[in-house]
**Student:** 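To start, I am sharing the structure in question, which I have written as structure tokens.
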Amino acid sequence: GFGAGSLWIEDTSSGTISRVSATTGKRTAAVRVDPQPYDATFAYGAAWATSYVSGAVERIDPRTNKVAKRVRIGTSASGVVGAFDSIWATNPPDNLVVRIDPKTLKILKRIPVTAAVWTAASETAVWITRGDGKVSAIDPTTNAVTATIPVGRNPGDPAVVGGDIW
């Protein structure tokens with residue numbers, strides 16, 4: 001993710017989130033997080049990381065480059081995105097997408113989505129790629145899956161470009 005003048009990049013092997021200056025391209029911090037960070041983003045004034053091992057979503061304070069707070073969402077945590085006044089994180093083993101309040105880290109909703117892995121957000125939906133070869137859309141006003149589209153084996157981390165999901 002990008003924010004606070006930096007790229008925030010997960011480094012699974014070292015168990016850190018690297019903060020890389022967008023100006024110089026140099027790493028300015030290595031933030032120690034729970035084991036096996038899986039994804040990172042920046043939203044609502046903080047960096048966010050998921051841990052596949054601990055099942056936690058962690059909020060990183062960009063002023064201190066330290067984990068300020070964490071919430072365990074289940075067996076595992078994979079993809080993470082900030083959108084619609086929430087943090088959305090996937091929990092593949094438990095077949096869930098978890099919606100979290102970014103201020104309190106209170107879990108707002110657990111949404112069943114089979115094999116949910118990666119996340120992205122468009123202007124109208126949160127998009128989830130799934131380990132079963134599908135992509136699902138979640139309506140943020142109802143927290144309901146409104147579409148599921150077969151796309152083939154092992155869809156990767158999605159992106160929204162020009163309003164289209166890729």
Side-chain angles (χ1 to χ4, degrees), residues 1-4 6-12 17 22 33-34 36-60 62 67 69-166:
F2 176 78
S6 302
L7 296 171
W8 300 81
I9 305 164
E10 67 278 1
D11 184 348
T12 302
I17 300 299
V33 293
D34 280 358
Q36 200 173 347
Y38 201 85
D39 198 10
T41 194
F42 194 95
Y44 312 111
W48 300 85
T50 56
S51 169
Y52 198 81
V53 172
S54 73
V57 175
E58 298 172 291
R59 182 173 60 202
I60 299 167
V67 173
K69 199 164 186 183
R70 68 177 45 86
V71 61
R72 190 165 188 275
I73 66 166
T75 306
S76 182
S78 294
V80 63
V81 69
F84 308 103
D85 298 319
S86 299
I87 297 298
W88 304 75
T90 61
N91 176 346
D94 297 335
N95 296 307
L96 291 172
V97 174
V98 180
R99 186 174 189 173
I100 302 164
D101 182 302
K103 292 178 186 151
T104 65
L105 268 64
K106 178 183 175 199
I107 294 175
L108 302 173
K109 189 72 176 173
R110 295 178 188 272
I111 304 160
V113 178
T114 302
V117 180
W118 293 106
T119 58
S122 66
E123 290 184 17
T124 59
V126 174
W127 294 89
I128 309 297
T129 57
R130 301 169 29 169
D132 63 358
K134 297 175 184 167
V135 175
S136 292
I138 298 173
D139 180 330
T141 59
T142 63
N143 294 316
V145 174
T146 56
T148 297
I149 306 157
V151 294
R153 287 185 55 180
N154 300 318
D157 197 355
V160 175
V161 179
D164 295 326
I165 184 83
W166 293 90

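In this text, all values refer to a predicted model and were calculated from it rather than measured experimentally.
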**Student:** Looking at every heavy atom in both P155 and W118, which two are closest together, and how far apart are they?
**Tutor:**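 The answer is O-CD1, 4.1 Å.
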**Student:** Verify, without hydrogens or angle tests, whether D39 (side chain) and V80 (backbone) share a donor-acceptor contact under 3.5 angstrom.
**Tutor:**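 Looks like yes, one N/O pair under 3.5 Å.
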**Student:** So, the side chain of S51 versus the backbone of P37: is there a donor-acceptor pair under 3.5 Å, distance only?
**Tutor:**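 Side chain of S51 to backbone of P37: no pair is present.
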**Student:** Search all heavy atoms of A77 against all heavy atoms of I73 and return the closest pair with its distance.
**Tutor:**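 Closest heavy-atom pair between A77 and I73: CB-CD1, 3.8 Å.
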**Student:** For A43, is there any backbone N or O sitting under 3.5 Å from a side-chain donor or acceptor partner on W48?
**Tutor:**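 Present.
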**Student:** Taking the side chain from R130 and the backbone from T114, do they hold a donor-acceptor pair closer than 3.5 Å?
**Tutor:**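 Checking the backbone N and O of T114 against the side chain of R130, a donor-acceptor pair under 3.5 Å is found.
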**Student:** Check whether any side-chain N or O of R70 sits under 3.5 Å from a backbone N or O of V33 as a donor-acceptor pair, and report yes or no.
**Tutor:**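 A pair under 3.5 Å: no.
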**Student:** Can you tell me how far the CZ atom of F2 sits from the CD1 atom of I9, to the nearest 0.5 Å?
**Tutor:**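 Reported to 0.5 Å precision, the distance equals 11.5 Å.
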**Student:** Give a yes or no answer on whether the side chain of W88 reaches the backbone of V97 with a donor-acceptor pair at less than 3.5 Å.
**Tutor:**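 Looks like no, no N/O pair under 3.5 Å.
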**Student:** Enter the distance from F84:CZ to N143:CG here, rounded to the nearest 0.5 Å.
**Tutor:**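 That separation rounds to 11.0 Å.
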**Student:** Just so I know, are the side chains of S122 and W127 near enough to count as touching, which here means a heavy-atom distance under 4.5 Å?
**Tutor:**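 Yes, at least one pair of side-chain atoms sits under 4.5 Å.
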**Student:** Just by modelled atom types, is the T75 backbone N or O under 3.5 Å from a matching donor or acceptor in the D94 side chain?
**Tutor:**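 Indeed, once roles are kept as given, a pair shorter than 3.5 Å links the two residues.
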**Student:** Is a donor on one side and an acceptor on the other found under 3.5 Å between the side chain of R59 and the backbone of K103?
**Tutor:**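 Yes, R59 side chain to K103 backbone: donor-acceptor pair under 3.5 Å.
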**Student:** Distance from T124 atom OG1 to I138 atom CD1, nearest 0.5 Å?
**Tutor:**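 Result: 12.5 Å between the selected atoms.
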**Student:** Looking only at atom types and distance, does a side-chain atom of K69 sit under 3.5 Å from a main-chain N or O of T104, one as donor and one as acceptor?
**Tutor:**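 Side chain of K69 to backbone of T104: a pair is present.
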**Student:** Would you tell me whether T50 and S78 have side-chain atoms, one donor and one acceptor, within less than 3.5 Å of each other?
**Tutor:**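 No pair is found: no donor N or O on one side chain lies under 3.5 Å from an acceptor on the other.
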**Student:** Working to the nearest 0.5 angstrom, can you tell me the gap between L105 CG and R72 CZ?
**Tutor:**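 Rounded to the nearest 0.5 Å, the CG-CZ separation comes to 14.5 Å.
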**Student:** Closest heavy-atom contact between T41 and G82?
**Tutor:**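 Result for this residue pair: CG2-N, 4.3 Å.
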**Student:** In Å and rounded to the nearest 0.5 Å, what is the CG to CD1 distance from D101 to I87?
**Tutor:**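 If we round to the nearest 0.5 Å, D101:CG and I87:CD1 are 9.5 Å apart.
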**Student:** So how far is it from I17 CD1 to T12 OG1, rounded to the nearest 0.5 Å?
**Tutor:**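 Between I17 CD1 and T12 OG1, I get 8.0 Å after rounding to 0.5 Å.
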**Student:** Can you name the nearest heavy-atom pair linking S76 to N91, along with the distance?
**Tutor:**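 Heavy atoms only, the tightest pair is O-CG, 3.2 Å.
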**Student:** Grab the two heavy atoms, one from D34 and one from A56, that are nearest each other, plus how far apart they are.
**Tutor:**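 Looking at all heavy atoms of both residues, the closest pair is OD2-CB, 3.6 Å.
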**Student:** Is there side-chain contact between Y38 and T90, with heavy atoms separated by less than 4.5 Å?
**Tutor:**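 No; the side chains remain at least 4.5 Å from each other.
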**Student:** Okay, side chain of S86, backbone of R99: is any donor-acceptor separation there less than 3.5 Å?
**Tutor:**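 Not at all, since once roles are kept as given, no pair shorter than 3.5 Å links the two residues.
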**Student:** If you take all heavy atoms of I60 and A49, which pair is closest and at what distance?
**Tutor:**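 Heavy atoms only, the tightest pair is CD1-CB, 4.3 Å.
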